[in-house]
Protein chains: 2
Amino acid sequence: MAPVTMSDVARVAGVSVMTVSNVVNGRPRVSAETRLRVLEVVADLGYEVNLTAKRLRAGRTGTVALVVPRFDHPYFGELAGRFATLLGEKGLHLAVEQSGASREGELSAVSHARLHMYDGVILSVVGLHYDDVDRLRTDLPIVLLGEQVVPERFDHVMMANVEGARLATAHLLERGSRRVAMAGGTPSGPSTGASELRSEGWRAAHRDAGLEPPEDLLVPMPDLEAATAHRVVAEALARARERGALPDAVFAVTDQVSLGVRAALHDAGLRVPQDVRLIGFDDLGLVQHVPPGLSSVDPHNGWIVERATDLLLSRIAGSTEPPQHLVAPASIAARASTA
Amino acid sequence: MAPVTMSDVARVAGVSVMTVSNVVNGRPRVSAETRLRVLEVVADLGYEVNLTAKRLRAGRTGTVALVVPRFDHPYFGELAGRFATLLGEKGLHLAVEQSGASREGELSAVSHARLHMYDGVILSVVGLHYDDVDRLRTDLPIVLLGEQVVPERFDHVMMANVEGARLATAHLLERGSRRVAMAGGTPSGPSTGASELRSEGWRAAHRDAGLEPPEDLLVPMPDLEAATAHRVVAEALARARERGALPDAVFAVTDQVSLGVRAALHDAGLRVPQDVRLIGFDDLGLVQHVPPGLSSVDPHNGWIVERATDLLLSRIAGSTEPPQHLVAPASIAARASTA
DNA sequence: GGCGAAGGCTTTATCGATATACCTGGGTGC
DNA sequence: GCACCCAGGTATATCGATAAAGCCTTCGCC
């Protein structure tokens, strides 16, 4: 029951621990005969290396961590899946940790990860402020994802928030929509998060089309859950209907929100796209299966994951290049909801 | 840049490493004065314990692993979120790893986890066969989740597959449906996975109602992705329409499949629930927002997570109780899709 | 005043694996 | 015949933290 160690194998095989290590790691300088005997004992006893010990000595585990705000958001699930696949090809393992989208959670997750369980960390920044991030020590390779403005000294990969939102809104305006609401939008202010940046894109598209951004069609939300969007948008629609001022299109700040909006529209008896066009952001795999097929902004997650992985791996390899700040391209995945 | 170790702190503070350890861990036998000085140096240098070393010595990291087949399935995302919350309350961290739903992937994930990076493992079994599981060494606490039959000697928590499927099908039959298709169902055979077990439940409900299970209404699928379901069901509907034998209800083996079925029904111009009733399995948070609101079997994930956590924690604490095999209750979450 | 106890700290051994230096016996070169 | 090389191993130190035991002082108490 007690774990089998190298010295157990060594004792049984009648050789030194070092020889066992050499055999197990396929190093030269061991006679074929000895090698065979050791391997036999290894199989017999069911020996496996203790990664913890190996790590302590070697300084690496072959595992990197991805810290996401929440496990139960499909967006992060998709992201994690991509990272796992890509890292797997490079011979590394991925462990995912949840930060809870709160400042404390992320701080604790990073400090925990920092504690050398992993060779590197990909941190999806949501709750942390500039100063918090700035305070992170960096004896561990870190790549940041997310929409916050972060200190220069970190590698950072982000989505094209403004541009993606601009494309989405323009897509709706081009198709003839004139009252384009933004679900999860926020009034002008400091550009600190996805919601603010995407609202900027929504404004830009209006101005590009020679229109004044209709600020009354911004529908702010306390969070970006589907359930919240469902509720908030239902209320907003009821009010708009009273005033006889229904929107003819909705740009949802995320696909999760888009899902809630879709549900609220359905409840209100409004058809998509005949009465209201709808487009989201993230291009989650599932939205194409939500009737009638929801359009979305494709943030090119594949690109993001590749770049972030490259950056992390080169840092792990010891690169001291100046930190990079990359922005992914964005494009429209047009489906029936904006036809 | 190089990580700060205890001996760095010790040197600067002019004490022994052991004293630093005692201060950091709040052990007695250190004068208030020394304690203060050490803490100052700790803050100055930004020292943090090296968990790897601690682990090697103490035999525990305070982190447990959850191994799931895929990161990008909402079901596992929800599950992971629940585990993280619950374990967090108990002072433990959760790291999630992906096995890739393949035999090799799960074996490698378990062997990797076994290698003492974690204090315990919750393994969601999908690709492994009985023999593979049986071959696992068990010097690390393991709790199994999932629908496979597993060796007695492991703790195991599973869903009420047969019963849940029976309830769902009965729910449809009670509402007057008479041609209840099963999307993702499989012909009678050895009960090795969720699909087989749930098909058994579908049969049982028919027999309970005095009906012969309509085996021609089983729609098998190569995998349980929404996209696959969308495609396969679309084809099945086309064939059924030709024969003039459309179903009047569908029980989908999972909510992912249910989503694909919903899309296929929409494409075929069939209304839910007027033309076809629809119910899934898993009660994912998102299905209530998919128009018109999809019914589902609630597998009581909260219960599963609590039991699994309890079992794991008590194993970690050293319990040698006989292994437990638990089955969660199941109930129907009725929504508009089966009204 | 002497002796045990307790406080405050340091030393030593250890977790499991591995890099490095070191040892031994038989060729090889010249 | 002597120095040197090399294959095949072994012995030692080390990664960072910690349990356990050891070593001085100082203090209390009979």
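Nothing here was measured: the structure is a model prediction, and the numbers come from that model. Per chain, numbering begins at 1; letters A, B, ... match sequence-line order. These numbers come from the heavy atoms of this one structure, side chains and all, not from hydrogens, waters or symmetry mates.
- Regarding A:Met6, its CE atom lies at a distance of 16 Å from the P atom of D:dA11, rounded to whole Å.
- As rounded to whole Å, 6 Å separates atom C1' of C:dG16 from atom CG of A:Asn50.
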Exercise for the section: Begin from the C-alpha positions of A:Glu89 and A:Thr309 and carry the test side-chain contact (heavy atoms from CB on, under 4.5 Å) through to its verdict. Expected result: CA-CA 11 Å; A:Glu89 289 168 8; A:Thr309 303; over 6 Å; no
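- The shortest side-chain heavy-atom distance between A:Ser21 and A:Arg27 falls under the 4.5 Å cut-off.
- The side chain to side chain donor-acceptor pair (under 3.5 Å) test with B:Asp155 singles out one residue from B:Gln324, B:Arg315, B:His325, and that residue is B:Arg315.
- Between the CG atom of A:Leu123 and the NE2 atom of A:His156 there is a distance of 9.5 Å, given to the nearest 0.5 Å.
- Considering only heavy atoms from C-beta on, B:Val96 stays 4.5 Å or farther from B:Phe76 through its side chain.
- Residues from residues 9-29 of chain B placing a heavy atom under 4.0 Å of any atom in DNA chain C, listed by number, are B:Val15, B:Ser16, B:Met18, B:Thr19, B:Arg29.
- Between B:Leu51 atom CG and D:dT18 atom P the separation is 10 Å, expressed in whole Å.
- Positionally, the nearest nucleotide of DNA chain C for B:Ala32 lies more toward the 5' end than for the other of B:Leu56 and B:Ala32.
- For B:Thr5, counting side-chain heavy atoms from C-beta on, the closest listed nucleotide (D:dA17, C:dG16, C:dC9) is D:dA17.
- Atom-to-atom distance recorded for A:Phe71:CZ and A:Glu97:CD is 7.0 Å, nearest 0.5 angstrom.
- Atoms CZ (B:Arg57) and P (C:dG16) sit 10 Å apart, rounded to a whole Å.
- A close approach under 4.0 Å does not occur between any side-chain nitrogen or oxygen of A:Thr52 and OP1 or OP2 of C:dA17.
- Within the structure, every side-chain polar atom (N or O) of B:Ser7 is placed at least 4.0 Å from both OP1 and OP2 of D:dG16.
- Checking D:dG16, D:dT18, C:dA17 against the side-chain heavy atoms of B:Lys54 singles out D:dT18 as nearest.
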